[in-house]
Q: 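Let me give you the structure first, and then I'll get to my questions.
Note that these values count all heavy atoms, side chains included, but never hydrogens, waters or copies made by symmetry. Naming convention: chains lettered A, B, ... in sequence-line order (proteins, then strands); numbering from 1 in each chain.
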Amino acid sequence: MSLLREGFPHIAEKSLQEEIAEHGRVYDYREGQVIMEYGSYIKKVPLIVSGLVKVMREDENGRELFLYYLEKGQTCAASFTCCMMHKRSYIKTIAEEDTVLIGIPIRYVDEWMVRYQSWKNFVMKTYDDRLLELIRTIDKIAFMKMDSRLLDYLENKAEVTGSSVVEVTHQQIADDINASREAVSRLLKQLERSGRIRLGRNRVELLEV
DNA sequence: ACATTAAGTGATT
DNA sequence: AATCACTTAATGT
C-alpha cells in the first residue's frame, strides 16, 4: 500500500488503491534477473515500484536490441495488449537493478479501465509516453549519427540511474545501440578527447560541458 | 605469476 | 561502419 502511494501518486481513488492492494502481488527481482522471456504468456501487468527494468526486443536473427527502460511509477505498455489478446510476449525484460514490482492480474486491468478514471488515465499515459518515445527512436535511427546516439544512450542511462558515472563495458553499449564494440570504443575515445567524458574500465563518466 | 576479460588499433571490405 | 586479427591494459585467482 505504501509502496503504491510512493511510486504511483496519480492513482488517486481510494477504492482503486485498495483493489490494487487486494489483487496485486509484490514481486522482487535481483539485478540481472530475467523478468519476462520472449514468447512467454503474460498474465500480470507489472507496476514498477522501485528499481530499473530494461526492455529488449529480439530480431529474426536472434540479435537483441535495447528498447527502453521502465522506471519507478511506470508500467509496460506492451504487456497490456499482450495479455488482453493472449498473445505471447515479443519482448524480454531484465531487472537492470534490484527491482520491486506489483503484478496485477489482467482481468482487473480491463475492469478498472471502465471503473476508475485515474486508472484509465494511467493506462493512456503509458501508451502516450511509449508512442512518443517510439517516434523519437525512429527519428534517431533514421537521422542521428552513431556518435550522437551513443551520447544519447549515455545521457539516458545516467539520468535513469541517477549518476553521472555509468558502469558498462563498451561491448554492452555496443549491443544496446546495435553497433560494433570497436566503433563504440573509438567514438568513446573521441568523446574523451573532446572532454565530454572520462573513461575507465567498465566505466564512463559524463562530464559537464 | 598467470589467466581472463576489457579496451585499443590498424587493415580490409 | 562492420569485421578481423592482434596488442595492450586491467583485474581476478
Q: Between N or O atoms, less than 3.5 Å apart, protein on one side and nucleotides 9-13 of chain B on the other: list the pairs.
A:
unit_1: B:dG10; atom_1: N7; unit_2: A:Arg186; atom_2: NH2; d: 2.5
unit_1: B:dG10; atom_1: O6; unit_2: A:Arg186; atom_2: NH2; d: 2.8

Q: Rounded off to whole Å, could you give me the CZ-to-P distance for the A:Arg203 and C:dA9 pair?
A: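 From A:Arg203 CZ to C:dA9 P: 19 Å.
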Q: Taking the side chain as every heavy atom from C-beta outward, state whether A:Ile173 and A:Leu188 have any pair of such atoms under 4.5 Å apart.
A: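 Yes, their side chains come closer than 4.5 Å.
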Q: Give, for atom OH of A:Tyr116 and atom OH of A:Tyr108, the distance between the pair rounded to the nearest 0.5 Å.
A: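 Interatomic distance, A:Tyr116 OH to A:Tyr108 OH, rounded to 0.5 Å: 11.0 Å.
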Q: B:dA7 C1' sits how many Å from A:Asn202 CG, rounded?
A: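 Answer to the nearest Å: 10 Å.
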Q: Rounded to whole angstroms, how far apart are CG on A:Leu187 and P on B:dA7?
A: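 For the pair A:Leu187 CG and B:dA7 P, the rounded distance is 14 Å.
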Q: Between atom CG in A:Asn178 and atom C1' in C:dT3, what is the gap in whole Å?
A: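 Distance, rounded to whole Å: 15 Å.
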Q: Rounded to whole angstroms, how far apart are CD on A:Gln190 and C1' on B:dA7?
A: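 Rounding to the nearest Å, CD of A:Gln190 and C1' of B:dA7 are 16 Å apart.
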Q: Sequence neighbours excluded, which residues qualify as side-chain hydrogen bond (donor to acceptor under 3.5 Å, both in side chains) partners of A:Asp128?
A: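 Not a single residue meets the side-chain hydrogen bond (donor to acceptor under 3.5 Å, both in side chains) criterion with A:Asp128.
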Q: Any donor-acceptor pair, under 3.5 Å, between the side chain of A:Arg201 and the base of C:dT11, if you only look at N and O atoms?
A: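 Side chain to base: no pair present.
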Q: Do A:Glu167 and A:Asn202 make a side-chain contact, defined as non-hydrogen atoms from C-beta onward lying under 4.5 Å apart?
A: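 They are not in contact (no side-chain heavy atoms under 4.5 Å apart), so the answer is no.
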Q: Provide, to the nearest angstrom, the distance between the CD atom belonging to A:Glu192 and the P atom belonging to B:dA7.
A: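 Spelled out: CD on A:Glu192 to P on B:dA7 is 12 Å.
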Q: Just to verify, what does A:Tyr127 make a ring pair (Phe, Tyr, Trp, His ring centres under 6.0 Å) with, not counting sequence neighbours?
A: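 Partners of A:Tyr127 under the ring pair (Phe, Tyr, Trp, His ring centres under 6.0 Å) test: A:Phe80.
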Q: Base, sugar-phosphate, or nothing: which does A:Ser180 touch, judged by heavy atoms less than 4.0 Å apart?
A: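 If one applies the 4.0 Å heavy-atom cut-off, A:Ser180 turns out to touch a base.
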Q: Flag this pair as yes if the NZ/CZ of A:Arg57 is under 6.0 angstrom from the six-membered ring centre of A:Tyr90 and inside a 45 degree cone about the axis; otherwise no.
A: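 Not flagged: A:Arg57 not positioned over aromatic ring of A:Tyr90.
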Q: I need the CG-P distance between A:Leu150 and C:dA2, as an integer number of Å.
A: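 For the pair A:Leu150 CG and C:dA2 P, the rounded distance is 12 Å.
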Q: Starting at CG of A:Leu188 and ending at C1' of C:dA9, how long is that distance when rounded to a whole Å?
A: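 A:Leu188 atom CG is separated from C:dA9 atom C1' by 16 Å.
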